[in-house]
Every structure is written in structure tokens, then in C-alpha cells.
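What's counted below: heavy atoms across the whole structure, side chains too, no hydrogens, waters or symmetry copies.
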Amino acid sequence: MSTDTQPTPPSTSPPTVEPHPHRWWILVVLAIAQLMVVLDATIVNIALPAAQADLGFDDDLRQWVVTAYSLAFGGLLLLGGRINDQFGRKQAFIIGLVGFAAASALGGWSPTFEVLVIARALQGVFGALLAPAALSLLTVTFSHSGERGRAFGIYGAISGAGGAIGLLLGGVLTEYISWNWCLYVNVIFAVIALVAAVKLIPAHKPDDAAGSLDWPGTVTATFGLFALVYGLANSEVNGWSDTWTITFIVVGAVLLAAFVVIETKVVHPLLPLRVVLDRVRGTSYIVMFIAAIGMFGVFLFLTYYLQGTLGYSPVATGVAFLPMVAALALTAAVVGNVTQKVSPKILVGVGLALSACAMLFLTTIDVDSSYATGVLPGLLMFGIGLGSVFATAMGFATSGVAAEDAGVASATVNTAQQVGGSMGISLLSSFAATAAADYVTAHQPGPTATPEALLALEHGTQLASYHTAFWWSAGFFAVGAVIAALLYPAKPPKIDAETVVIAH
């Protein structure tokens, strides 16, 4: 469209929307909600032994306290994202907060194992509504602001560090109060966020373009993700050759393939393919998926090492992760300010490569390694690397998305992270178990073995499993670095500030 020397015609572009005057307080509210959802994936892990002793359930049932949450959360995220778009982000956010708080209160009160599992599943249901609402609200709140990168840097730091914060908070609450408060604490977070959200977050009038709900896509996506996450969780206990593991993974893959086909046929798809086929957004989803797989090499197996081998208490273990959290947060804040100046190819690629180096460093840990020289350098490298990844990929995962797709785009990146995390736990646990079994076979002492020899075998078995998990984590991060270098554009993508408009 050319104006040449003619008088400037009236602008047909969307009107300029001023940044929300309380946008930073809104960020605090959204960060609290995101922290609540993310840390709940790990905070209960520390509390499980105490909960098991209190409620009297068997070891083979213990996984369901964790799996019930991940199944509901991972399976319903895409549906939660589309509900955000169709019925309003603020409404979904508030309902998610209230429901998550109620489910947490139920879980903290749990008099039986069954009630605890039901409460965890309900947390996952409302978390699937809350998480995409928080990220889509962040997207629209900072859509017209040059501060977008900084805001997503802070939000990415919360998402990346939430697991480690959950370990620390879970250890403190379990050790000094009771395991029940690992769930009750969410009520405090939710009330604070709810009061602020009602006052600060602007109303959202759903876009008519969202259309009716895509029921075929909803059914295939929900049950496909459910089956996939369940199959991965089952592999932790029963192995990859178990009939149920194979069946659920295959069924999940078939249903998700059918979901993709359905999305190309329906008028109002649950996940419009334009969301994931965008080069920058699609690469960001892949990066978040791979980063979540490798991330559990630290959160899970380093926790085992610190407690099982070095003898740290739950609180001391949580404190040991604090330098990583600090490095991650600082890096994310810095990187968030340069995402519009430096290509994500560099920011994400270097971040993943540094994370791989951190995992390689941790393969050198031994039974008598010190924290200062054997663990801390790896944690700091990992925090710096992951901070760069999360600050960049989380921001670009919703970049340039249309207003009616903000919720489902946010749900997609959360789904990538959740499914990646579930796959990471399953894969790394399986590889570690195989390595431990191989070590025992190769180093089995004779019938006259001394107690010292048996202790050495135990430590050697543990280290073999940890080292294997760290090697595989390094491999996943290295693959992610290559993918980021190949798929992200060479120049920083420009955020289209006119694709998302805030409803004041």
C-alpha cells in the first residue's frame, strides 16, 4: 500500500494499546500461579515417605501420588488452553486458582490414600486450566511493550526453577511441620494470587473467531496424551517390555496421529496447525520438550545422590539446589532483555550446549566427592544454561500468535514441557536401572564378601545409575542444541505487537 505524495489516509491498523499500568504486578500474580503449578510436580516427592508412613500405603502404590497429577495435567492441557480462548482468560485463571486451592486443601486433609490420589488428580485438572491461562495472560499483558523480553525472562526463570524450589519447600515443610503442608501451602499461594487477580487482571471478552469446541480433536488429544503419559509412567515400575507400557504408548501415538489429521479437517480445530507450524514457535515447542527430558537428570538423580550417597537431609538437599536457582533466575533476567537483539539460535543453542556440559561434569561425581568441587560447578553451569533456554523459548513459544489462539499456544508449550518431563523421568529411570543391574552382574561379590565389599557394591551400583542418567541427559541437551542451531532463524524474530490486543 503506497501513499506516494497523497495525503495520509486514516490508519486501518489496530489502534495502539498502551501497556497495562499494573503490568508488573500482574506478572507477580501470574508468576505465583505458575510457581504453584510447577513446584507441585516435585514438592510432593520429598513428602512421599512421610505420607506413606502416615496413610499406610504400599510401595507399589506410591507412584500414583505423582502420576495422578501428571496424567490429568498432561492430558487436559490442550483442552484447558482452548477453554481459555473460548470462555475468557481471566475467568479461566480465577476458576483454575479456586479449583487448585480446593484440591490442594483436600489433599492436605487426606485421611486415606484414595482421597490423596483423587486430590492430586483434581490438582492436575485445574492446573491444566490454570497454566495456559497464566501464560496467555502474560502474552497479552506484555504484547505491546518493549519489556516483553524481560517479563518472559522472569516467567521462564520461575518455570525452570520451580522444580528445584519444590524440592526445597517440600523438604522444609516435611521436616519442620508435616507432609500435609506440602499441599496446604498451595492454598496460601492461591488466595494471594486470587485477590490480586480479581483486582488487577483486565476482563477478557472471548473472540467469536474461536468457534465451537472441536470435540473429535478434544477426545483424541485428551485420551492420546493420557495414554502416552500413563504408558511412560508405567514403564518406571514395570519396564519398557511390559504389555501395558507398550499398549498405552502405541494407543497414545495412534490417537495423537489421528488428532493431527482431524485438526486439518475441522473448521474450528482444538489446536490450529498454524500455531505449531510457525518456524519460531514450533522450534520453541521442540526445545522445551527436549529441555524438560534432560532437566530431570538434575532434579531427580542429583537428589538421589545428595541424599542416598552423601547423606544430605531433605532440607539440606533443597538448599544445595539454591545456587542453581539463583544462576537460572539471574541468567533468565539478563537474557530476557536481549531476546530482540540476539538470535534464539545463539541463546538457546548455547544454553543447551552449556547444560550438556554441566551433565558431563556431573558424570565425574564419586562417593567421596565434595559439594563445592564435585557438584556446585555443574549446578551453576546448568542454571546458566537452562536460564538462557527457558527465557528465550518460553517467550517465543507464543510470539506472533493471534488473539484467539493465545490460550492454546500457551497450552502447547506447557504440554511439551509436561510430556517431556514425564518422558524424561521414565527414560532416565529405565536407563539408570539397567546400568545398576549391569554393574551388579559385573561386580557381584562372592558368598564370603566382607561388609566393606557389600557397601562398595552398593555405592558403585548407585554411581553407575547416576552417571548413566547424566550421560543420557547430556545427550538430550546436545541434540536440542543442534536442533536449535538448525531450525531457529539467524536473526531475532520480530514480535508482531498487533496480533494480540488486551481487553481493558
Can you tell me if [X] uses its side chain to pair, donor with acceptor, with the backbone of [Y] under 3.5 Å?
X      : Y      : value
Ser473 : Met359 : no
Glu263 : Leu271 : yes
Lys345 : Pro489 : no
Thr220 : Gly217 : yes
Arg120 : Ala68  : no
Lys90  : Val198 : yes

Identify the two heavy atoms, one from [X] and one from [Y], that lie closest to each other, and give their separation to 0.1 Å.
X      : Y      : result
Phe301 : Ala432 : CE2-CB, 3.6 Å
Ile32  : Ala193 : CG2-CB, 4.1 Å
Leu138 : Leu30  : N-CD1, 3.4 Å
Ala227 : Val251 : CB-CG1, 4.3 Å
Ser104 : Val187 : CB-CG2, 4.5 Å

Pick from [options]: which one makes a side chain to side chain contact (heavy atoms under 4.5 Å, CB included) with [X]?
X      : options                        : value
Leu487 : Val287, Val482, Thr283, Val348 : Thr283
Tyr285 : Ile290, Val275, Thr415         : Val275
Phe259 : Val219, Val254, Leu270         : Leu270

Which distance, rounded to the nearest 0.5 Å, do you find between the [atom1] of [X] and the [atom2] of [Y]?
X      : Y      : atom1 : atom2 : value
Ile201 : Arg89  : CD1   : CZ    : 11.0 Å
Leu27  : Leu137 : CG    : CG    : 11.5 Å
Leu386 : Met324 : CG    : CE    : 7.0 Å
Thr222 : Leu76  : OG1   : CG    : 5.5 Å
Tyr488 : Ile286 : OH    : CD1   : 9.0 Å
Leu352 : Ile483 : CG    : CD1   : 9.0 Å

Are the side chains of [Y] and [X] in contact, using a 4.5 Å heavy-atom criterion?
X      : Y      : result
Leu183 : Gln123 : yes
Trp24  : Val28  : no
Ser465 : Phe431 : no
Leu225 : Leu77  : no
Trp179 : Leu55  : yes
Ser284 : Val413 : no
Val125 : Leu129 : no
Tyr69  : Val37  : yes

Legend entry - Residue pairs involving residues 93-131 (criterion ring-ring contact (aromatic ring centres under 6.0 Å, His included); sequence neighbours excluded): Phe57-Phe113

Legend entry - ring pair (Phe, Tyr, Trp, His ring centres under 6.0 Å) partners of Trp244, counting only residues at least two apart: Phe248

Inset, instruction - Go through the steps for Trp240 and Ser430 under the test side chain to side chain donor-acceptor pair (under 3.5 Å), then give the verdict. - result: CA-CA 8 Å; Trp240 292 97; Ser430 176; 2.7 Å; yes

Legend entry - Atom OH of Tyr184 with >12 non-hydrogen neighbours under 6.0 angstrom: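 Yes, enclosed.
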
Inset, instruction - Look at the aromatic rings of Trp472 and Phe476 and report parallel, tilted or perpendicular, splitting at 30° and 60°. - result: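 Tilted: the ring planes of Trp472 and Phe476 meet at 30° to 60°.
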
